[in-house]
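A short worksheet on the structure shown next.
Below, chains carry the letters A, B, ... as their sequence lines are ordered, and counting in each starts from 1.
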2 protein chains.
Amino acid sequence: MKIGELSRATGTNIETIRYYERIGLLPEPARTAGNYRSYGEAHRTRLAFVRHSRELGFTIEEVRSLLDLADHPERECSEADRIATRHLTQVEEKIGQLVTLRDELSRIIGRCRGGLAADCRVIEALGDHTMCNGDHE
Amino acid sequence: MKIGELSRATGTNIETIRYYERIGLLPEPARTAGNYRSYGEAHRTRLAFVRHSRELGFTIEEVRSLLDLADHPERECSEADRIATRHLTQVEEKIGQLVTLRDELSRIIGRCRGGLAADCRVIEALGDHTMCNGDHE
DNA sequence: CTTGACCCTGTAGTTGCTACAGGGTGCATA
DNA sequence: TATGCACCCTGTAGCAACTACAGGGTCAAG
């Protein structure tokens, strides 16, 4: 498989594949006589693992740890569980923050009744930080 | 006010203040004899506006537009409303994505009953993209 | 007169890619 | 044989929004 085919097979940008190789997430593949990268099924599987992990929001370093574990099936999986659980916590925190944000934005926008910027509630709200009750960290 | 005081007054990193000045979000302040930046109340207000906007997740370019509007109170505020509404939509989309993410993560983690990586559901789930119903873009 | 806190400029690093520039390869077609 | 085109290669620079130095200057206190 050439890089373009792997790209299409996994929905990954070609530059991204080369980037993953550069940072050591994907092993260097064999080369053809013309110096083209030549991938096998194992590469496709590994790249799919990386992409799925990234879609779930794991950082590159987390993906590296997860891959490392996948490469060593004789180890305990508590590390994987720990990484995933911590990530879940972070996602939940982020959701909470965004919900707070959404509420504040809705409130600000709801008060805008058009007209001149001089009287705009959006602009006013942004300038005046005390408008929110002050306890959002 | 020297930069350190402005930093404390607004909870903004000193480097960030200089960065904002460099990219033109904050005007260049007067300088003391010793070439120190010297800020006034207007700078503090403007920086607070920027920080609050950034906390709400507006991009630098959006903040630039909002500031521009705040600087011209004779204009209509429909632009501010448009920017804020678009941003609200984006925040809502992001919340939706994260909720989907959280659910998938919970499902994956919930199935992990410890043991060896060889049998780990987390690792397995990451490798096998078809485990999710397949319709998340 | 030296110590320490503060300030200055300029540049490089962060994350996770993405986008070139400037070339080489490989195959079909004229 | 030439040539066009799609594809591939390396290496470097760019994005957002900061953050972190290095290597120096300023200023007040002791």
Item to check | Salt bridge flag under 4.0 Å for residues B/Glu21 and B/Arg18 | outcome: no
In whole angstroms, how far is the [atom2] atom of [N] from the [atom1] atom of [X]?
X       : N      : atom1 : atom2 : value
A/Ile3  : D/dA6  : CD1   : P     : 19 Å
A/Leu47 : C/dC17 : CG    : C1'   : 14 Å
A/Lys2  : D/dA6  : NZ    : P     : 14 Å
B/Glu5  : C/dC6  : CD    : C1'   : 11 Å
A/Arg64 : C/dT15 : CZ    : C1'   : 12 Å
A/Glu21 : C/dG16 : CD    : C1'   : 17 Å
A/Tyr39 : D/dC8  : OH    : P     : 10 Å
A/Leu26 : C/dC17 : CG    : P     : 11 Å

Next on the checklist: Around atom CD of B/Glu28, are there more than 12 heavy atoms from other residues, nucleotides or ligands closer than 6.0 Å?
Outcome noted: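 Counting neighbours around CD of B/Glu28, 12 or fewer heavy atoms of other residues, nucleotides or ligands fall under 6.0 Å, so no.
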Using the side-chain heavy atoms of [X], tell me which of these nucleotides is nearest: [options].
X       : options                : result
A/Arg54 : C/dC17, C/dC8, D/dT19  : C/dC17
B/Asn35 : D/dA20, D/dC8, C/dC8   : C/dC8
A/Arg22 : D/dT19, C/dT18, C/dC8  : C/dT18
B/Tyr36 : D/dT26, C/dG26, C/dT18 : D/dT26
B/Glu15 : D/dA20, C/dC7, D/dC9   : D/dA20
B/Tyr19 : D/dT26, D/dC18, C/dG16 : D/dC18
A/Ile60 : C/dT9, C/dC17, D/dA17  : C/dC17
A/Arg51 : D/dC9, C/dG16, C/dC17  : C/dC17

Next on the checklist: Hydrogens and angles aside, do A/Glu104 and B/His52 bring a side-chain donor and acceptor to less than 3.5 Å of each other?
Outcome noted: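 Checked: A/Glu104/B/His52 side chains pair up, N/O donor to acceptor below 3.5 Å.
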Checklist entry - If you measure only the distance, is there a donor-acceptor pair under 3.5 Å linking the side chains of B/Glu92 and B/His87? => result no
Checklist entry - Rounded to the nearest 0.5 Å, how far apart are CZ of A/Arg51 and CG of A/Asn13? => result 8.5 Å
Checklist entry - Where the side chain of B/Arg54 meets the backbone of B/Phe58, is there a donor-acceptor pair that is under 3.5 Å apart? => result yes
Next on the checklist: So A/Arg37, base contact, sugar-phosphate only, or nothing? Heavy-atom distance under 4.0 Å.
Outcome noted: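 Result for A/Arg37 = sugar-phosphate.
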Checklist entry - B/Ile14 near the nucleic acid: base, sugar-phosphate alone, or nothing, with a heavy-atom cut-off under 4.0 Å? => result sugar-phosphate
Next on the checklist: Quick check: on DNA chain C, is the nucleotide nearest B/Gly34 upstream (toward 5') of the one nearest A/Asn13, or the reverse? Name the residue that is more 5'.
Outcome noted: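 First, find each residue's nearest nucleotide; the 5'-ward one identifies B/Gly34.
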Checklist entry - For D/dT10, does either OP1 or OP2 sit under 4.0 Å from a side-chain N or O belonging to A/Arg18? => result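 Negative; the distance criterion is not met.
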Checklist entry - Taking only N and O in the side chain of B/Thr16, is any of them less than 4.0 Å away from OP1 or OP2 of D/dA17? => result no
Next on the checklist: If you assign A/Arg31 and B/Thr59 each to the DNA chain D nucleotide with the nearest heavy atom, which residue ends up on the more 5' nucleotide?
Outcome noted: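 So the residue in question is A/Arg31.
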Checklist entry - Quick one: the side chain of A/Tyr20 and the base of C/dG16, do they pair up donor-acceptor inside 3.5 Å? => result no
